[in-house]
Peer 1: 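Structure below; questions to follow.
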Amino acid sequence: MSRYRIDRRTFGKAAGIAAGMTAISWSPATAAEASGAPITTAAPGGLVQAHFRLQQGKPQYSITSGARTVLDWSAMGFELGDGSRLGDSAELLGTHHDELDETWQPTWGSAAEVRSHCNSTVVRLRETGTDRLLDIEFRVFDDGAGFRYVFPQQPNLGDFEVFDELTEFRFTDDHTAWSSPANYDSVEYLHTETPLTAAGGLHEWQEPRDEEGEHIGDVATPLTVRIAEDCYLAVHEAALFNYPGMTLTKIDGGPSLRCALVPRKGEGRRKAILRAPFPTPWRAFLLGRSAGELIESPLVLNLNEPCAIEDTSWIAPGKFVGVWWEIHKGRNTWIEGPDLGATTENTMRCIDFAAANGIPYVLAEGWNKGWTTGGDFGAQDFVRPNDQFDLRRVVDYARERGVNFLAHNETGGRIDNYERQIDEAFALYEELGLPGVKTGYAGDIGPHYHHDQSMVNHYQRVIHKAAKHRLMINAHEPIKGTGIERTFPNFVSREGARGIEYDAWSQGNPPEHTLILPFTVMLAGPFDYTPGIFDITWFPEQSPDDDHGSDNDGTRVHTTRAHQIALYPVLLSGLQQLSDVPEHYEGTPEFEFLREVPVSWDETRVVQGEIGDFLTMARRSGQSWFVGSLTDEQARTLEVPLHFLGAGAFVAHVYADAPETDLDTNPNAVRVDRFLVHAGTVVRAELARGGGHAIRIVPASDADKAALQPYK
C-alpha cells in the first residue's frame, strides 16, 4: 500500500491561508484604502498587476498588463442561501502582503522543474449588518494572476449555502475569443472563433434556462481571448474541490461575462453547500504576449496545492494500445457475442504487439460483465470479467511479456452502482498489480449534473481511493481539468474535450480542431484526445451489433497520417493512447516515432503558433527533442528553427507529409528522412492540408556524422 495523505498546506509563507487565514498577521487598512483607494499587487517583474478596491461597500478587482487594462473593474461577492449577500456593504478591516517563491519538481508533466514566484495580497472584509468575514487572496505572477475567496472560521458563519457567485469579468472591448458552449454535463463541443459577444452561444440541445428557470451559462472555460496583437488572456479556474464548476454567462448582451456556477440538480437556486473555513477555487487569468506563451504557462498548476501523495514511485505515465478504435469504427462491439472486441485472444494479440514495440500498457474496453444492447449501465460489474475474457490469464500473459493491463470502468452515469463496487474493484486491481483505470461517465447521471458540486466530489473520491490502491486514473466524460494533478499526480489524464472518437461515427472534427485545443482545453491540464490513427479512411465491415448504426458510412479522420504523428509532442497526456488497431501500425517505418515518443517531459517550448491555424511545439526528454508541427485545412510551409538545441551535432529523424500527400485522396502518405542538424538549423516543414510534420532529434554519434548529410 502507498503512504497516502492529504496535505492542505500552501507553499512558502502562506501556510494557513487555505485553513482560514489563521496564520496571517494583518495590517490595518489605511484611511485611503478604506475609502476606496485601489490596493495593487504587482508581479515580481512588475508588468502584470491585480487591483482591488471597495466602491460604496462593494468589492471590485481589475487586471492590467503594463499600461493596458485587461479586465476593467469587475464585481465580486456572493449571494447566500439565507438571502444575505457578501459584498453588498462591506468594510475593509486589513491587508496582508507577501512574496511567495519556490521551485518544485512535478511527478510528471511538461517540465522537470517548475518555479512558482508571485506576490500575494490578502484583504479581509466584514459585511456590515451581519458581521460576517470574507477574505480575498490575490496572487500575481509574471504570466498572470489569480484570486480566490476564503470564508474564514467565524461565529457568524458555520454551515451555509451559496446561491450565486457574483464574480464578473468585464472586458474593455468586444475582443476575439475562442470558446465552446457551456453545458452542465459535457465539454465535448467544437470551439469557435468569434467576438466575445458571440462566444459560446445557444445550440439546439441547449435550453436558455435550466429547470429552475435560471439563465444557464453561455461559455465554458478555459476561455481564450486576444486582447491585442501582443496580449492574450485565458480565463479559467484552478484547484476545483468541493465546489461546482464555473461557466460564464454574458452581461446584458455585451462583451463582459459573469460567473454562472453549475447548480445542484433539483435543488432550486442552490449551487453549493459549504462549511467555514472554506477556500473557493481560484479564478485564474493566464497572460502572454503570444498565444504560445499561454501554453507554456504553469500558472494553473502553481495555484494548486503541493503533492498530497508521499510515495509517488508507483505513478508511471506511459503509452497504451488496445481494444478501442475497432469498436468505435463498428467492426467489433462492447457486447458479448461473436463480434465482442474484448476477448482473451484479441487482447492477447494487442499484448503481443505492445511487448514487441516497448509499449507498457494495454486496455480492453468491454472486458467486464454488464455491457448490454439496451445500455443498462446499472448492470455493470467492475469485478467480474465477461464470459469471453479470462482476466487473470490476460494479466499473467501481459506481465510475462513486460506489459500491464489497464482496467476500464464505464459507469454510464450510474454513480450509485459504481460507488457500491469501487472499493472491491480497486482492491482487486491492486491485488492483480494493475497500474491504472480508465473511467467513463457517458450518459445522464440522474440526480446530478456531471459538473455540479456533488460530482466534483465524486471524481475526487475516485482519485483518493485510486491513490490508496496505487492506481492511476484516466477519466472520460470528466470534470474539467483545473491543475489538481499537481496535488494528485495519479490523475494522469482526462478526456475533457471532443476527442477523435467523433471521427469514427459522426461528421467528425475539422482539421483546425487540434489547432485550437492546445490553446484552450490543454491550458486546463493534460487531456486524452486518443490520437494516432494511421489508416485515416478505414471503414471496416460493420458488425450487426454496432450501436452506432449504419448511417455513418464513410466516416473518417479529417487529418493526414503525419498530422496524427505530430500530435504526440503537442498534446500532453500521462496515459497516451496509440489509438489505431495494431495491424495498421505494423510494417510502417513512421511507427518508429510513436514507439520512441515519451509522455512526460523535462522541457517544453512553443516555437510558433496561431490559434486554429498552425502550431509548432518542441518537448525535451533527456537529451532527445520531439517536435510537432500542425496545420489546419490550409496547406502551408513553416520555418522551424532549432535554436533550443544545445551545442554539437544532432540527428533529425523526420516524419512528414510526402509530396503526394493529399487530405482527401491520399492522406496516409508519409515521407521519412534523416539528416544532421544543429542549433542554427532552420527546418522547412511543408504541410499538406490538414497535415503534420514530426521530428525526433537525438545527439549524433561519430558514425552518424560520417554517414549523414547536413540539412540543406
Peer 1: Would you say the side chains of D613 and Q634 form a donor-acceptor pair under 3.5 Å?
Peer 2: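 Side-chain D/A pair, D613 to Q634: absent.
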Peer 1: Grab the two heavy atoms, one from S629 and one from A566, that are nearest each other, plus how far apart they are.
Peer 2: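 Closest approach of S629 to A566: O-CB, 3.6 Å.
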Peer 1: If you measure from CG on D174 to OG1 on T197, what distance do you get to the nearest 0.5 Å?
Peer 2: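 Taking CG in D174 and OG1 in T197, the distance rounds to 3.5 Å.
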Peer 1: Please determine whether side chain to side chain contact (heavy atoms under 4.5 Å, CB included) holds for the pair M522 and I295, giving the CA-CA distance in whole Å, both sets of side-chain angles, and the decisive distance to 0.1 Å.
Peer 2: CA-CA 7 Å; M522 201 167 73; I295 298 175; 3.9 Å; yes
Peer 1: Are R258 and D218 ion-paired here, with the side-chain N under 4.0 Å from a carboxylate O?
Peer 2: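 D218 and R258: not salt-bridged.
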Peer 1: Within 45° of the six-membered ring axis of F491 and under 6.0 Å from that ring's centre, is NZ or CZ of R494 located there?
Peer 2: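 Flagged: R494 positioned over aromatic ring of F491.
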Peer 1: Is any side-chain N of the basic residue among D452 and R264 closer than 4.0 Å to the acidic one's carboxylate O?
Peer 2: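 So D452 does not pair with R264 through a salt bridge.
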Peer 1: Got a sec, which residues hit salt bridge (charged side-chain N to carboxylate O under 4.0 Å, His left out) with R170, two or more places apart in sequence or on another chain?
Peer 2: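 Once residues adjacent in sequence are excluded, the partners of R170 under the salt bridge (charged side-chain N to carboxylate O under 4.0 Å, His left out) criterion are E168.
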Peer 1: Do you know the tightest heavy-atom contact between V140 and A42?
Peer 2: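 What the structure gives for the nearest pair is CG1-C, 4.0 Å.
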Peer 1: Return the set of residues passing ring pair (Phe, Tyr, Trp, His ring centres under 6.0 Å) with F78 (not counting sequence neighbours), or none when no residue passes.
Peer 2: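 Here the qualifying residues are Y149, F151.
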Peer 1: Without hydrogens or angle criteria, can the side chains of Y529 and N509 be said to hold a donor-acceptor pair below 3.5 Å?
Peer 2: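 Indeed, the side chains of Y529 and N509 share at least one donor-acceptor pair under 3.5 Å.
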Peer 1: Short question: side chain of E127, backbone of D88 - any donor-acceptor pair under 3.5 Å?
Peer 2: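 Confirmed, E127 side chain pairs with D88 backbone.
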Peer 1: Can you find a side-chain donor-acceptor pair between S256 and K250 that sits under 3.5 Å?
Peer 2: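 Not at all, the side chains of S256 and K250 share no donor-acceptor pair under 3.5 Å.
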Peer 1: Take a 6.0 Å sphere around CD of Q56 and say whether it holds more than 12 heavy atoms from other residues, nucleotides or ligands.
Peer 2: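 No, the 6.0 Å shell around CD holds no more than 12 heavy atoms from other groups.
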Peer 1: Could you pull out the closest heavy-atom pair between V570 and R619, with the gap in Å?
Peer 2: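 Of all heavy-atom pairs spanning V570 and R619, the closest is O-NH2, 2.9 Å.
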Peer 1: Side chains of N119 and R139: donor-acceptor distance under 3.5 Å anywhere?
Peer 2: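 Side chains of N119 and R139: no pair found under 3.5 Å.
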Peer 1: Working to the nearest 0.5 angstrom, can you tell me the gap between H191 NE2 and T224 OG1?
Peer 2: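 OG1 of T224 is found 7.0 Å from NE2 of H191.
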Peer 1: Checking H117 against E99 for the side chain to side chain donor-acceptor pair (under 3.5 Å) test, could you report, in this order, the C-alpha distance in whole Å, the side-chain angles of both residues, the deciding distance, and whether it holds?
Peer 2: CA-CA 8 Å; H117 186 201; E99 180 181 4; 2.6 Å; yes
Peer 1: With no hydrogens and no angle check, do the side chains of T616 and Q608 hold a donor and an acceptor under 3.5 Å apart?
Peer 2: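 Yes - a donor-acceptor pair under 3.5 Å links their side chains.
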Peer 1: May I ask you to say whether E188 pairs ionically with R498, meaning some side-chain N is under 4.0 Å from a carboxylate O?
Peer 2: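 Salt bridge absent between E188 and R498.
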Peer 1: If we ignore angles and hydrogens, is there a donor and acceptor under 3.5 Å between the side chains of S493 and D528?
Peer 2: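 There is no such pair (donor and acceptor under 3.5 Å, judged by atom type) between the side chains of S493 and D528.
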Peer 1: Step by step, work out the salt bridge (Lys or Arg N to Asp or Glu O under 4.0 Å) result for E33 and R53.
Peer 2: CA-CA 7 Å; E33 292 170 343; R53 72 180 184 185; over 6 Å; no
Peer 1: Rounded to the nearest 0.5 Å, how far apart are CG of L523 and CG of L294?
Peer 2: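 So the CG of L523 and the CG of L294 are separated by 6.0 Å.
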Peer 1: Do you know which two heavy atoms are closest between E477 and H450, and how far apart they sit?
Peer 2: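 It is O-CD2, 3.9 Å.
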Peer 1: How many angstroms lie between CG in D101 and OG1 in T103, if you round to the nearest 0.5 Å?
Peer 2: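 Separation between the atoms: 6.0 Å.
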Peer 1: Please tell me whether T167 and E165 have a donor and an acceptor in their side chains that are separated by less than 3.5 angstrom.
Peer 2: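 A donor-acceptor contact under 3.5 Å links the two side chains.
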Peer 1: Are the side chain of S297 and the backbone of L299 linked by a donor-acceptor contact shorter than 3.5 Å?
Peer 2: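 Yes; at least one donor-acceptor contact below 3.5 Å.
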Peer 1: Indicate whether any N or O donor in one side chain lies under 3.5 Å from an N or O acceptor in the other, for S84 and R132.
Peer 2: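 The answer is yes; a qualifying pair exists.
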Peer 1: Ring pair (Phe, Tyr, Trp, His ring centres under 6.0 Å) with W601: which of W108, W625, F626?
Peer 2: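 Answer after filtering W108, W625, F626: F626.
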Peer 1: Between E161 and R270, does any side-chain N to carboxylate O distance fall below 4.0 Å?
Peer 2: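 So E161 pairs with R270 through a salt bridge.
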Peer 1: Taking atom types as modelled, find out whether H563 and T514 have a side-chain donor-acceptor pair closer than 3.5 angstrom.
Peer 2: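 Their side chains do contain a donor-acceptor pair, which is all the 3.5 Å distance test asks for.
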Peer 1: Any chance you could measure D230, atom CG, to S290, atom OG, to the nearest 0.5 Å?
Peer 2: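 Answer rounded to 0.5 Å: 10.0 Å.
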Peer 1: Donor-acceptor pair, S573 side chain versus P526 backbone, under 3.5 Å?
Peer 2: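 Not a single qualifying donor-acceptor pair exists.
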Peer 1: Quick one: ring pair (Phe, Tyr, Trp, His ring centres under 6.0 Å) pairs with a partner in residues 54-77, sequence neighbours left out?
Peer 2: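 Applying ring pair (Phe, Tyr, Trp, His ring centres under 6.0 Å) to every pair that reaches into residues 54-77, excluding sequence neighbours, yields Y61-F147, Y61-F285.
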Peer 1: How about H51 and T40: does a side-chain donor come under 3.5 Å of a side-chain acceptor?
Peer 2: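 Per modelled atom types, H51 and T40 side chains form a pair under 3.5 Å.
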Peer 1: Applying side chain to side chain contact (heavy atoms under 4.5 Å, CB included) to F169 and L223, what does each step give before you reach the verdict?
Peer 2: CA-CA 11 Å; F169 308 87; L223 167 69; over 6 Å; no
Peer 1: Could you tell me which non-hydrogen atom of M76 sits nearest to which non-hydrogen atom of Q60, and how far apart they are?
Peer 2: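 That would be SD-C, 3.8 Å.
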Peer 1: Would you check if the side chain of T487 reaches a backbone N or O of E305 as a donor-acceptor pair within less than 3.5 Å?
Peer 2: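 At least one qualifying donor-acceptor pair exists.
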Peer 1: Could you check whether R605 pairs with E296 (Lys NZ or Arg NE/NH1/NH2 to Asp/Glu carboxylate O, under 4.0 Å)?
Peer 2: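 Salt bridge: no.
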Peer 1: Within 45° of the six-membered ring axis of W104 and under 6.0 Å from that ring's centre, is NZ or CZ of R115 located there?
Peer 2: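 Because its charged atom misses either the 6.0 Å distance or the 45° angle limit, R115 does not stack over W104.
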Peer 1: For the residue pair E137 and H96, confirm or rule out a side-chain donor-acceptor distance under 3.5 Å.
Peer 2: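 No pair is found: no donor N or O on one side chain lies under 3.5 Å from an acceptor on the other.
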Peer 1: Would the number of heavy atoms belonging to other residues, nucleotides or ligands and lying under 6.0 Å from CZ of R289 be above 12?
Peer 2: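 Open.
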Peer 1: What heavy-atom pair brings M455 and H451 nearest, and what distance separates the two atoms?
Peer 2: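 Taking every non-hydrogen atom into account, CB-N, 4.5 Å.
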